[in-house]
Amino acid sequence: MGYARQGRIVTVDCANGSYRIAMLAPDVVRVRFLPTDGPASSRPTGVPFSYSVARSDDEWPACEFRVIEALSCVEIRTSRLICRIDKATGEIAFLDLEGNVISEDETGAGWHPSGGVICRKQIQPDEHFYGLGERAFGLDLRGRAYEMWNADPRTYRRGQDPIHLCIPTLLGLHSGGRQGYAIFFDNTFRGQFDLGAGESDVLSFGAEDGELRYYFIYGPALTTVVERYTALTGRMKLPPLWMLGYHQSRWSYQPEARVRKLAADFREVYRVPCDCIYLDIHYMDGYRCFTWDAKRFPDPARQIADLHQQGFKLIVIVDSGIRADHDYWVCQSGLEQDAFCTYPGGDKPYKGPVWPGDCYFPDFTSPCVRLWWADLCRTLVEVGVDGVWNDMNEPSIFGLRSTTMPKFVIHDLEGRGGNHVEAHNVYGMEMARATTEGLQKSRPEERPVSITRSGWAGVQRHALSWTGDNMSTWEDLWLSMPMLMNLGLSGLAHTGPDIGGYSRFSTGELFTRWLQMGILLPLCRSHTFVHSPDQEPWSWGEPYLSINRRYIELRYRLLPYLYTAFWQCAQVGVPMVRPLFLAFQEDPATHVLDDQFMCGDAFLVAPVIEEGATSRTVYLPAGVWYDFWADRQFHGPAYIEVTAPLERLPLFVRAGSVVPMGPVMQHTGERVVDELLLHVYPGQGRSDGASLLYEDDGHTWAFQDGEYRLTRFALQSAGLPVSRLELDCQVEGRYESDHRGFEIVVHGVEKPPHNVTVDGQVPGSHALGTDGRAVHVLAGLFEHLQIEWD
Ligand code: MIG
């Protein structure tokens, strides 16, 4: 009984074991439990090993806290929270400084003789749950149990669980939105989160083996939670700008002539902007990774060079299974290097069937194997490939009974050794990591692009993902929203669905509606199944083609804004696609809202998700909102009905925003952008705020050495419609951007201003837009703009 303190770690003994509690930050606490009679594997000794955590304990700044021991409990107090441990029961409660419960145990931490660890906590009455990675459910996850075991469902629909990418990170929100926190259960063994399915007011999480170790992260703002969680597990690195363009994929564009036709269709026939084309498994020779089918793609280097000429990038797929073929160099080399996962005993490589037939599986949990794989990726870079798409890495293996490796398969696990039950969930993440490291090594100047289907906590620092094998249904179009929001809250913000749907056949209407939403998602890629008909922006003719083109063009016009949102994510972890509660946490109407989302700081997106619909209801939280298309203003909180014929995506801008926009281009590298538009949406003084524009060269790491340009816009206005407006512009960083000035468009005005000055001078031109609702000012590069109306 009692406690001991050593540096930031407090050890507390209680009836059934002892806790080691590490105070990493005033709002980040790591809890480890050592059961008195548990197996050795459940005992935390030494520094915990984790594939997910990106920051060691010493890398956190010093954290001040006090420990107070009372008769029945030990209390650890920081400047943000209280962690109270009941010595008799081992129950832990996290309280805010006023003593309100943030989260509390229902029973003390446990270990079961049948194996496994479990932690049970109480569910607060109005609590909502989010996160857990990629889940085919609505936004609020409460009331069900979720498996922690990455799986290939071969196509999924709402309610299927688990699917490709689990993340053991749960966010809770309760007390009317005043309390928000996260629990990250850092255990890779097969596990489960039960969010009130078994007992309606009990939350439990546990795993078959390993230690009970979790991180508790307090907000109360969930934006803070995401910021802290990504400080712990790492953040997305800034992708090259071309990743933000429109991307076209299918299973499979082949042979070479088909790819050439596709490129020509984009550039010459239909004039639809596009930055990247994907090659699926048919480019390989008999599905052998790192080979090319000589008939279908006789000269990949020349073909890729031609695509580059036309402004396309090329991404190719790789699978985790390596054909067990002793005449295949990758297989030979893998056998020589002992690169494959083995049967117990460690001599015989485990074999299982996938696309190429019987395969061996590189053990990506070994550092040597990751290096070996990284070198293989060089062969793709050498022919000019721009990015790699990691598929089937749950890993997925064909078979009737099991769709992955048997539990007994042996893995290296960074030299510690272990079986597949422990390695399974990180297998895909470590494959993506090996690929990324390979691309980075072979092309050190460029930002690597590696896309993964599977992953785990921390995967965001290695790769982006896509949400796997969805379906061409209206329900799956809707499902993309809660899935992306929960992924973003779980740290993995750079992702997107197969636009138009993967299995089954899309219709023109479904594709167009999906694309309208897709242009505001981080990854904007259309992809479809091998047996689906063509699924390109022109595949259904008019009126779809023109609408699709216009929306893809809008994505390109929005690139300065979207790229800035990516940069924000790389800086602080906040996802580009956000549930409304990240901005309006104390508005309960936002807590379960999953058919609309925020894209960055300014946009509220409410896609049409019903066949044949020409209108929909939109929820606008408190404040003033502008209809993006017509500049009409609305006052929230309110549910409004908006008309949305096929050509219209309901899109709103939050008053107080400054949205930078560029020109339409056929691809991101088409030409130098010499002028940007600044769309200004005046608010009511109070909601006016700071907006950002981030720029750099779009593809190298030079920004890390100061070669970037960050412009902060501070907007102040009075009146609605606006009667007076000031916009200040402050620049940081030494990157010389290509544009020499801004054209400013002030929205929501009703008459021409009587006074306009830019840095104290009367500008060359200003005029009322043709619709009479916006003022256009050519301002060049400015520091201070002032506009007044009578
Ligand atoms: O067993 O490579 O999710 O995007 O087109 C299917 C073929 C394997 C699954 C991926 C999908 C891809 C497909 N792959």
Side-chain angles (χ1 to χ4, degrees), residues 134 136 150-157 160 162-165 247-254 258-259 262 276-293 296-297 314-323 352-359 361 380 385 387-400 402-404 427-428 431-432 435 449-455 459 463-472 476 479-480 483 487 495-506 514 518 523-536:
E134 183 188 62
N150 294 333
D152 175 8
R154 303 284 145 81
T155 190
Y156 61 84
R157 57 177 73 225
Q160 187 138 353
I163 57 173
H164 312 286
L165 196 158
H247 289 197
Q248 185 67 48
S249 180
R250 76 158 293 125
W251 176 8
S252 298
Y253 287 119
Q254 58 98 7
R258 175 75 186 90
V259 178
L262 181 71
C276 185
I277 292 174
Y278 288 61
L279 297 186
D280 206 325
I281 48 178
H282 286 99
Y283 80 88
M284 302 181 216
D285 173 16
Y287 306 125
R288 291 171 184 85
C289 291
F290 309 106
T291 67
W292 293 78
D293 182 301
R296 293 182 179 129
F297 294 94
L314 187 84
I315 289 180
V316 301
I317 202 165
V318 295
D319 284 1
S320 55
I322 296 298
R323 188 179 148 94
V354 214
W355 289 106
D358 270 343
C359 286
F361 297 85
L380 297 174
V385 165
V388 174
W389 171 21
N390 302 272
D391 192 17
M392 305 292 277
N393 54 349
E394 291 77 13
S396 172
I397 296 168
F398 295 166
L400 285 177
S402 166
T403 56
T404 193
Y427 186 87
M431 176 184 181
T435 301
V449 169
S450 163
I451 307 179
T452 184
R453 190 169 74 176
S454 190
V459 65
L464 67 139
S465 83
W466 90 103
T467 58
D469 297 342
N470 63 5
M471 297 201 288
S472 297
D476 275 51
L479 196 55
S480 314
M483 286 180 74
L487 275 162
T495 182
D498 286 353
I499 291 173
Y502 173 76
S503 68
R504 303 210 184 159
F505 302 172
S506 188
W514 210 318
L523 175 66
C524 180
R525 181 185 84 142
S526 162
H527 178 63
T528 193
F529 187 52
V530 65
H531 299 302
S532 305
D534 289 349
Q535 192 165 294
E536 287 108 37

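Just so you know, ligand 1 is whichever comes first in the structure, and atom 1 is the first atom listed for that ligand.
Using a 4.0 Å heavy-atom criterion, the residues that approach ligand 1 are Trp251, Asp280, Ile281, Ile317, Trp355, Trp389, Asp391, Met392, Arg453, Trp466, Asp469, Tyr502, His527.
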Dump the intermediate steps for ring-ring contact (aromatic ring centres under 6.0 Å, His included) on His527 and Trp389, then the final yes or no. CA-CA 13 Å; His527 178 63; Trp389 171 21; 5.2 Å; yes
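Between Tyr502 and Trp251, the ring planes lie parallel to each other; the angle is under 30°, not in the 30° to 60° tilted range.
Salt-bridge check for Arg323 with Asp358: failed, with every basic side-chain N at 4.0 Å or more from each acidic carboxylate O.
There is a side-chain donor-acceptor pair under 3.5 Å between Ser465 and Thr495.
No side-chain donor-acceptor contact under 3.5 Å links Glu394 to the backbone of Tyr427.
Here the side chains of Ser503 and Asp469 are not in contact, with every heavy-atom distance at 4.5 Å or above.
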